[in-house]
Amino acid sequence: MLLRSKNHCYQLRETTMQYFKVKKNKQGKKVIETQLAGKPILTIPQLNKGTAFSQEERRSLGLLGKLPGRVEDLDGQVQRAYQQFCDYTLPIHKNIFLNVLHNTNEVLFYALIKKHFKEMMPIVYTPVVGDSVVDFSKSFRQTRGLYVSYEDIDNLEEIFQNRTNQDVQLIVITDGSGVLGIGDQGVGGMGIPIAKLVLYTAIGGISPYNTLPVVLDVGTDNQTLLDDPLYLGWRHPRINEKEYQHFIEKVISCIKQEYDRAFIHWEDFSAKNAVSILDRYREKMCTFNDDIQGTGVVALAAILAALKRKGSNIKGQRILIFGAGAAGCGIAEHLFHSMIKLGFTEQEAKDQFWLIDRQGLLFDDSDNISQVQMNFARSKDERPLFNEYSLHGVVKVIKPTILIGCSAVAGSFTDEILRDLASLVDHPVILPLSNPTERAEATPEAIYTATLGRVFVATGSPFPAFSFGGKAQVIGQCNNAYAFPGIGLAVVAVKARRITDEMLYAASEAICDYVVNNKYSDQLITPIPEMSVEIAKSVAYAVAKKAVESDNAGLSGDPIKLVDELYWEPKYYPVVRG
């Protein structure tokens with residue numbers, strides 16, 4: 001750490017010392033205390049206020065002359081930043097601008113995002129974050145978070161001690177192996193935890209001073225990256241399973257030691273590792289896999305909302321999931337456990353699922369089938385019912401009332417399939433959930449056109465409104481961003497010990513109820529971006545209440561009050577010398 005000495009030089013101190021502390025002064029007001037002075041303050045985004053430093057702060061912190069003379073407020077800075085944002089035309093350039101601002105002045109970044117959230121959400125999150133991940137090594141400008149390489153397996157404690165934020169309560173971790181629909185991106189996967197934490201703060205109100213993005217660099221099997229001279233990660237094939245499990249165990253051990261009861265969010269792991277990690281640790285610590293559990297929460301919310309609008313319920317629905325990876329199986333498992341909660345027997349619930357993966361419709365004697373896929377595989381005795389095991393062949397036989405796409409196979413919900421489905425089922429629920437946008441199984445406009453609008457639709461990526469039947473159709477996103485920020489807010493607010501199935505079901509119900517009761521449109525089954533903050537709070541209230549009721553919370557008291565007290569808004573606090 002750089003500290004200012006009496007002769008105005010800067011000396012290096014131990015890197016494990018704190019750059020700053022967020023604390024309350026003698027009057028009970030929140031301040032940020034630092035031992036830094038001068039230029040270093042302007043380089044740390046959690047400390048930097050830019051032109052908003054007061055004259056008193058400029059004198060006490062050694063900033064006189066280092067900033068233009070005018071002292072601005074946050075609103076003025078947001079106005080200027082938005083004008084700068086609008087100067088860029090390409091989405092990826094807008095993304096780069098926002099990332100630079102994020103790494104320059106964190107409060108200003110979040111104030112800008114919150115004021116223009118609808119416009120900026122697809123820039124900082126899906127779909128543009130996928131482009132930024134692909135370009136990570138080429139576009140790298142400034143570091144954020146922790147890069148935990150297998151090469152440093154003997155230095156993990158030191159790495160986790162070198163964090164900037166000391167009071168870490170939420171960690172988002174990836175190994176970059178299953179990024180969105182674009183696969184293995186190695187160390188470039190760091191863009192995903194950063195983007196997730198932006199939404200945890202902008203929507204979920206979790207203070208950025210309490211978060212940490214982490215990428216586990218265990219090599220890459222992406223030959224393009226290995227051959228790229230600019231690639232910034234460990235230039236090595238991914239380690240074997242035994243080494244990987246040992247590495248994960250050591251990482252978890254260090255996290256427990258350093259951060260006590262931090263909430264761990266796993267993101268964009270390969271299907272196999274996503275399932276095994278969640279199964280291994282979900283009862284040992286407060287942990288959550290967004291690809292599995294978050295996707296399940298929003299998919300169930302969409303289905304419940306559509307069924308409410310149809311005057312129906314989950315019993316007797318025929319659910320076909322195209323793409324049985326981590327997301328597809330996660331949806332199946334969340335729906336399955338929800339059915340059990342509603343009084344179904346295990347067999348009754350399983351009988352309502354059909355899963356298709358690379359080898360076609362899954363049967364219990366299919367080759368290369370995982371255990372979680374086996375849980376939903378059909379009996380081999382049903383094989384004679386099908387002339388073919390392709391998507392279209394299965395649709396014609398089972399007549400699914402709910403069709404879910406998690407395949408990342410663009411256009412796989414063809415016009416022919418959609419027309420046939422609409423002729424077989426009254427108002428089917430169709431969820432093309434793959435992202436980024438170009439990987440979607442179908443566009444909302446294509447679905448409406450093929451089915452003559454007799455359908456309920458939600459997508460995984462954002463699509464613009466389109467004209468159908470003489471009026472504009474707005475389609476909501478079945479986006480995990482409507483689930484995980486509220487879940488995380490609840491967990492941190494009440495210090496939940498575990499994420500239970502009951503808490504996840506409460507999240508689905510909260511999203512469903514908000515959408516159905518909102519009166520925005522009788523076709524809408526998932527939220528739109530303008531609803532994000534209110535959705536997050538509704539989810540947080542429901543999840544926190546369930547955690548307290550089930551004695552799964554580390555804090556007692558009114559869960560709604562605990563959530564409201566924790567919710568962070570971007571504002572400047574006085575910065576004082578410590």
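Scored by the side-chain hydrogen bond (donor to acceptor under 3.5 Å, both in side chains) test, T345 finds E348 as partners (sequence neighbours excluded). Annotation: side chain to side chain contact (heavy atoms under 4.5 Å, CB included) contacts of D260 (sequence neighbours excluded): none. F353 pairs by the ring pair (Phe, Tyr, Trp, His ring centres under 6.0 Å) definition with F376, not counting sequence neighbours. Contacts of A349 classified as side chain to side chain contact (heavy atoms under 4.5 Å, CB included), with partners at least two apart in sequence or in another chain: F336, M339, I340, F344. S253 pairs by the side chain to side chain contact (heavy atoms under 4.5 Å, CB included) definition with nothing, not counting sequence neighbours.
Looking only at distances, a side-chain donor or acceptor of S137 sits under 3.5 Å from a matching main-chain atom of L232. Counting only distance, with no hydrogens or angles, the side chain of E158 and the backbone of N155 share no donor-acceptor pair below 3.5 Å. Looking at T526, its side chain does come within 3.5 Å of a backbone N or O of G476 through a donor-acceptor pair. Judged purely by atom type and a 3.5 angstrom limit, R497 uses its side chain to pair as donor or acceptor with the backbone of A553. In this structure, the side chain of N289 engages the main chain of I292 through a donor-acceptor pair within 3.5 Å.
Counting non-hydrogen atoms of neighbouring residues, nucleotides and ligands closer than 6.0 angstrom, the NZ atom of K256 exceeds 12 such neighbours. Counting heavy-atom neighbours within 6.0 Å of E241 CD, excluding the residue itself, gives a total of 12 or less. Within 6.0 Å of atom CD in E249, more than 12 heavy atoms from other residues, nucleotides or ligands are found, so the atom counts as buried in its surroundings.
Once rounded to the nearest 0.5 Å, the distance linking NZ of K350 with CZ of R378 reads 11.5 Å. For the atom pair I264 CD1 and I499 CD1, the distance stands at 11.5 Å (nearest 0.5 Å). Between E283 atom CD and D279 atom CG the span is 10.0 Å, to the nearest 0.5 Å. Atoms CG and OG1, from L300 and T295 in turn, are 12.5 Å apart once rounded to the nearest 0.5 Å. A distance of 6.0 Å separates CE in M374 from CG in D364, rounded to the nearest 0.5 Å. Here S338 contributes atom OG and E502 contributes atom CD; the two are 9.5 Å apart, rounded to the nearest 0.5 Å.
Side-chain atoms of T174 and D268 form no donor-acceptor pair, as typed in the model, at a separation below 3.5 Å. When only modelled atom types and interatomic distance are considered, R261 and Q169 share no side-chain donor-acceptor pair under 3.5 Å. Donor-acceptor pairing under 3.5 Å is recorded for the side chains of N95 and N99. For the residue pair T201 / W568, no side-chain donor-acceptor distance below 3.5 Å is found, with atom types taken as modelled. Judged by distance alone, the side chains of K196 and Y125 do bring a donor and an acceptor atom under 3.5 Å apart. Counted by atom type alone, H334 and S508 present one or more donor-acceptor pairs between their side chains at under 3.5 Å. If you check the side chains of T459 and Q477, you find no donor sitting under 3.5 Å from an acceptor. If you check the side chains of N222 and T220, you find no donor sitting under 3.5 Å from an acceptor.
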Next item on the list: Test side chain to side chain contact (heavy atoms under 4.5 Å, CB included) on L355 and L361 and set out the steps.
Entry: CA-CA 6 Å; L355 273 62; L361 183 62; 5.9 Å; no

Next item on the list: Give the intermediate values and the outcome of salt bridge (charged side-chain N to carboxylate O under 4.0 Å, His left out) for residues R383 and D365.
Entry: CA-CA 10 Å; R383 281 187 180 275; D365 64 347; 2.9 Å; yes

Margin query: Determine whether H102 and Y110 satisfy the following criterion, ring-ring contact (aromatic ring centres under 6.0 Å, His included), listing intermediate values before the conclusion.
Written below: CA-CA 8 Å; H102 192 191; Y110 282 110; 5.7 Å; yes

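Between T437 and F463 the shortest side-chain heavy-atom distance falls below 4.5 Å. By the 4.5 Å heavy-atom criterion applied to side chains, F456 and I430 are not counted as neighbours. Counting heavy atoms from C-beta on, the side chains of Y482 and I535 come closer than 4.5 Å. Put simply, the side chain of I314 reaches to within 4.5 Å of the side chain of L307, judged on heavy atoms.
F263 and F288 have tilted rings, their planes meeting at an angle from 30° to 60° on a 0 to 90° scale. Between W234 and H236, the ring planes lie parallel to each other; the angle is under 30°, not in the 30° to 60° tilted range. Between H265 and F484, the ring planes lie perpendicular to each other; the angle is over 60°, past the 30° to 60° tilted range. Ring geometry for F136 versus Y147: interplanar angle of 30 to 60°, hence tilted.
Of the charged side-chain nitrogens involved, none lies within less than 4.0 Å of a carboxylate oxygen, so that D217 and R235 do not count as a salt-bridged pair. Taking a cutoff of 4.0 Å between a charged side-chain nitrogen and a carboxylate oxygen, D184 and R238 qualify as a salt bridge. For E106 and R144, the salt-bridge test passes: some basic side-chain N is under 4.0 Å from an acidic carboxylate O.
Here side chain to side chain donor-acceptor pair (under 3.5 Å) pairs that include residues 402-414, with residues two or more places apart or in two chains, are S407-E441.
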